[in-house]
Number of protein chains: 2
Amino acid sequence: MTTVNALSEIAALMGDPARASMLSLLMDGRAHTASDLAHNAGITAQTASGHLARMVEAELLAARAQGRNRFYRLASPEVAHAIESLMALAGTRATPASKSAAWRRDPDLRFCRTCYDHLAGQVGIAVTDSLTRQGHLEPKGPRDWQLTPSGELFCGKLGVDLGTARQASTRHFARQCLDWSERRPHISGALGAAIADTFFKRGWAERLRRSRTVRLTDSGRRALGSHFGATV
Amino acid sequence: MTTVNALSEIAALMGDPARASMLSLLMDGRAHTASDLAHNAGITAQTASGHLARMVEAELLAARAQGRNRFYRLASPEVAHAIESLMALAGTRATPASKSAAWRRDPDLRFCRTCYDHLAGQVGIAVTDSLTRQGHLEPKGPRDWQLTPSGELFCGKLGVDLGTARQASTRHFARQCLDWSERRPHISGALGAAIADTFFKRGWAERLRRSRTVRLTDSGRRALGSHFGATV
DNA sequence: TAGATACTTCGGCCCCCGCCGAACCATTGA
DNA sequence: TCAATGGTTCGGCGGGGGCCGAAGTATCTA
């Protein structure tokens, strides 16, 4: 019967140790990169790629390309539910907080970090939310934003170097970037980099050496409140 | 991690078409014989035996030997739940009914037959249900019943030979026997045999030669109504 | 434009596991 | 006691699929 075949196909997909390991990691509800999943499962990138493609094909996972990364997440709560009920059978409960995931234990990293060259984490989200809420930024296409006239003005007052940002013609200007701790898009691209630059230049934030973690200074905290209307 | 391995092992068990077919059939909540399951899955008995052993080992199934048959059923509602959630993912619902199985086509056999030396089929179930409903029989342990004082009286009036039944010390007195057409327990053991004996002696039922089929006579039908409060 | 990084595709190796034939036990019915 | 039936175990065959190295594509950085 078709229903039986469908059952066995889905179950067989979950039945491979490498794929199960990936699904297990994805049970945290977040999106992970292909390399992240490959490393976690202890297999090479090309093997993982095949596994991931098959699971996307079967609609167990959803993929989203972002720059040269590809983020994968569980396709639906139903998938998570099925996995959880299988784990329950094994006598062990689903452990959403997989211990490995180092960044999860690091609240500072979740709070603020660099993502390539722009800000991510709660601060990155706060800035992005503020800009959209105040009408400075509006969606343009599926993965971009554009700066509104008020946004131009706002950036000018802040000292964001829009000129240089616009010169990098080879680069997206205001791109949506999926924040992997907050699971929501924050601003990246040339504008995101320029904004981050401003934060560093004005002493609002400083990089911690040998880490992606960024520390928000006291003046940075005040600036977030006064300029962005955000308390973090 | 152990939880990941457990997930993949359980899922892999369900991921084989033959095993999935068996599990699918067992989703009706009933117990099925090994041959029944093998036939339904389209594989030979020996292949099925291996599959079944593995699933019992993994506690997906529970097995119960009965004579030369072996009945398998899902080990728990949790197993059914997990299977159902996987089927839900496949977008198709579970299909409980299966067509084949020869005895299913023989209504007389389903109605009344001997099971070793006691009554089975709808009549056997009707008698058992009547006894428990009227408080003559009550559960004792996982697979036995015991006769209550009112049950002693009732059997005495009916002419059931309890003395002889109790003498067979080597044998269970009132045992639960899984009825393979009704899929519910009916009464077996020495008491079940004694009751069946009464049916034959009083002309309520008669065996058909060369068959396990039992014919309920007109007086038997009346007796079922008057003594057991059952219409069949 | 060149080089690095993330990911995918391709090709071939190898092992796991599902399958059945044959033989072996256990229970039942005659 | 003997055949018939249901079930299991054993051994060997064969195919599917997981794995990686190598090479190819896309994207970002300089």
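Chain letters run A, B, ... following the sequence lines, proteins first and then strands; every chain starts at 1. Everything quoted here is computed from the prediction, not taken from an experiment.
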Rounded to whole Å, please give me the gap between CG in B/Leu52 and P in D/dT9.
11 Å

Compute the centroid of each ring, for B/His32 and then for B/Tyr72, and state whether the two points are separated by less than 6.0 Å.
no

Protein-nucleotide distance (B/Arg70, atom CZ; C/dC25, atom P), rounded to Å:
17 Å

Is any side-chain N of the basic residue among B/Glu206 and B/Lys201 closer than 4.0 Å to the acidic one's carboxylate O?
no

Round to a whole Å and report the spacing from CG of A/Asn69 to P of D/dT29.
11 Å

5' to 3', nucleotides 18-24 of chain D under a 4.0 Å protein heavy-atom cut-off (B base, S sugar-phosphate only, - none) gives SSBBB--

When you compare the side chains of A/Thr47 and A/Thr44, does any donor N or O come within less than 3.5 Å of an acceptor on the partner?
yes

Students often mix this up, so state it plainly: with edges at 30° and 60°, are the rings of A/His136 and A/Phe154 parallel, tilted or perpendicular?
parallel

Under a 3.5 Å threshold, yes or no: a donor from one side chain and an acceptor from the other, between B/Asp161 and B/Thr164?
yes

Which pair of heavy atoms, one from A/His118 and one from A/Ala193, lies closest together, and at what distance?
CB-N, 4.0 Å

Among C/dT9, D/dT27, D/dA4, find the nucleotide with the atom closest to the side chain of A/Ser49.
C/dT9

May I have the step-by-step check of side-chain contact (heavy atoms from CB on, under 4.5 Å) for B/Val214 and B/Asp108, ending in yes or no?
CA-CA 8 Å; B/Val214 169; B/Asp108 292 338; over 6 Å; no

Indicate, with a heavy-atom threshold strictly under 4.0 Å, whether A/Ala45 touches base, sugar-phosphate, or nothing.
base

Between atom CG in B/Leu13 and atom C1' in C/dG18, what is the gap in whole Å?
13 Å

Value in whole Å for how far the P atom of D/dG17 lies from CE of A/Met55
15 Å

Starting at CZ of A/Phe71 and ending at C1' of D/dA26, how long is that distance when rounded to a whole Å?
16 Å

In whole Å, what is the span from the CD atom of A/Glu9 to the C1' atom of D/dG16?
14 Å

Here the distance between atom P of D/dT27 and atom CZ of A/Arg68, to the nearest Å, is 12 Å

Short side-chain N/O contact from A/Tyr72 to OP1 or OP2 of C/dA6, under 4.0 Å:
no

